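These notes concern the structure reproduced below.
Protein chains get the first letters and strands the later ones, always in sequence-line order, with residue 1 at the start of each. Values in this document were obtained by computation on a predicted structure and should not be read as measured data.
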2 protein chains.
Amino acid sequence: MVSLDRRFHALADPTRRAVLERLGPGEATVGELAQPFPLSLPAFLKHLRVLEEAGLIETEKRGRTRICRLRNGAYAPLAAWLDDQRRLWEERTDRLAELAIAMEESADAKHDQDRRE
Amino acid sequence: MVSLDRRFHALADPTRRAVLERLGPGEATVGELAQPFPLSLPAFLKHLRVLEEAGLIETEKRGRTRICRLRNGAYAPLAAWLDDQRRLWEERTDRLAELAIAMEESADAKHDQDRRE
DNA sequence: AATACAGTTAACCGCACGGCTAACAGTTTT
DNA sequence: AAAACTGTTAGCCGTGCGGTTAACTGTATT
């Protein structure tokens, strides 16, 4: 299994994210992918390698060209981690809300008590 | 607005992700956060800086200690990007499915035609 | 067979990243 | 006032990342 480190690192670059965005709707060759970027081909190839080793894309050589496509379930582990964190956060705010309510009730009780005195 | 580059880069490190996980349930001081890690304090502080400049946490100095907490909506832009990409992917597979159905119908038609001949 | 095309490998380069130690600064505590 | 505690800054260092050019491989085209 590829580490979250590799996956997140792969996304921390605008060129690589652009490639993924381009690959969302459908597959493309190395040349087609590289065309929009002001990069040498070797530099661009390194980005593709990073994406492939992060398990985000898969590639296949057909003749003298190589076609690239998004991997099935590529984003699942990343989305899962984010969802976990958001869940933790919301559980926390829920607890805070309960606490606030409890304090309010306690304050009301004190208020009633004051009135009775 | 903080770039996606910074945000994703901040997540591409196990120490920093661990800090975020720790901070999910509630806030903590620098010392409490640093304690589990086999790092010098200056090294650890750099990680906190990265997280703060990525807009993921916010910190506040109280006396001689500094307390750190998760920022509200910290993960929203990241989750949004991921969701966009997954949407693109699913639209693509939907189109492929439609195409497959269309081809099947076409094949059926051809088949019927063959039978009629 | 020669040429062009698409990608790949190798070797290098500057710089930012992640780590360290040492010294300093501002708050509590005693 | 002195000592202890909690961060913080400064400066250094090795490694890896993102980029380059040059040379090469293998596949189509003519």
Distance, rounded to the nearest Å, where [X] contributes [atom1] and [N] contributes [atom2]:
X: A/Leu51; N: D/dC17; atom1: CG; atom2: C1'; answer: 14 Å
X: A/Phe37; N: D/dG19; atom1: CZ; atom2: P; answer: 11 Å
X: B/Glu32; N: D/dC5; atom1: CD; atom2: P; answer: 16 Å
X: B/Leu48; N: D/dT6; atom1: CG; atom2: P; answer: 16 Å
X: B/Gln35; N: D/dT6; atom1: CD; atom2: P; answer: 13 Å
X: A/Leu45; N: D/dT20; atom1: CG; atom2: C1'; answer: 14 Å
X: B/Arg49; N: D/dG7; atom1: CZ; atom2: P; answer: 14 Å

Show the numbers, then the answer: is there a side-chain contact (heavy atoms from CB on, under 4.5 Å) between B/Leu20 and B/Leu11?
CA-CA 9 Å; B/Leu20 294 174; B/Leu11 296 187; 3.3 Å; yes
With a cut-off of less than 4.0 Å, is there a side-chain N or O of A/His47 near OP1 or OP2 of D/dG19?
yes
Quick one: which protein N/O atoms are closer than 3.5 Å to N/O atoms of nucleotides 22-27 of chain D? Pair and distance per line, please.
unit_1, atom_1, unit_2, atom_2, d
D/dT27, O2, A/Arg64, NH1, 3.2

Working to the nearest 0.5 angstrom, can you tell me the gap between [X] [atom1] and [Y] [atom2]?
X: A/Arg7; Y: A/Leu51; atom1: CZ; atom2: CG; value: 12.0 Å
X: A/Trp89; Y: B/Asn72; atom1: CH2; atom2: CG; value: 5.0 Å
X: A/Arg49; Y: A/Thr59; atom1: CZ; atom2: OG1; value: 9.0 Å

More than 12 heavy atoms from other groups under 6.0 Å of CZ on A/Arg22:
yes
I'd like to know whether CZ of A/Arg66 has more than 12 heavy-atom contacts from other residues, nucleotides or ligands below 6.0 angstrom.
yes
Of all of residues 17-31 of chain A, which get a heavy atom below 4.0 angstrom from DNA chain D, listed by number?
none
Sugar-phosphate, base or nothing in reach of B/Thr65, heavy atoms under 4.0 Å
sugar-phosphate
Counting the atoms with a prime plus P, OP1 and OP2 as sugar-phosphate, which does A/Arg62 contact under 4.0 Å by heavy atoms, base, sugar-phosphate, or nothing?
nothing
Go through the steps for A/Arg17 and B/Asp5 under the test side-chain contact (heavy atoms from CB on, under 4.5 Å), then give the verdict.
CA-CA 9 Å; A/Arg17 282 200 308 280; B/Asp5 286 34; 2.7 Å; yes
Partners of [X] by side chain to side chain contact (heavy atoms under 4.5 Å, CB included), sequence neighbours excluded?
X: B/Gln85; answer: A/Glu21, A/Tyr75, B/Trp81, B/Leu88
X: A/Arg64; answer: none
X: B/Glu90; answer: B/Thr93

First contact, last contact: which nucleotides of DNA chain C are these for chain B, 5' to 3', heavy-atom distance under 4.0 Å?
C/dG18 to C/dT28
State yes or no: do B/Leu4 and A/Leu78 share one hydrophobic cluster built from I, L, V, M, F, W and Y residues joined by side-chain heavy-atom distances below 4.5 Å, directly or via other members?
yes
Would you say the side chain of A/Lys46 and the base of D/dG19 hold a donor-acceptor pair, judged only by whether the two atoms sit under 3.5 Å apart?
yes
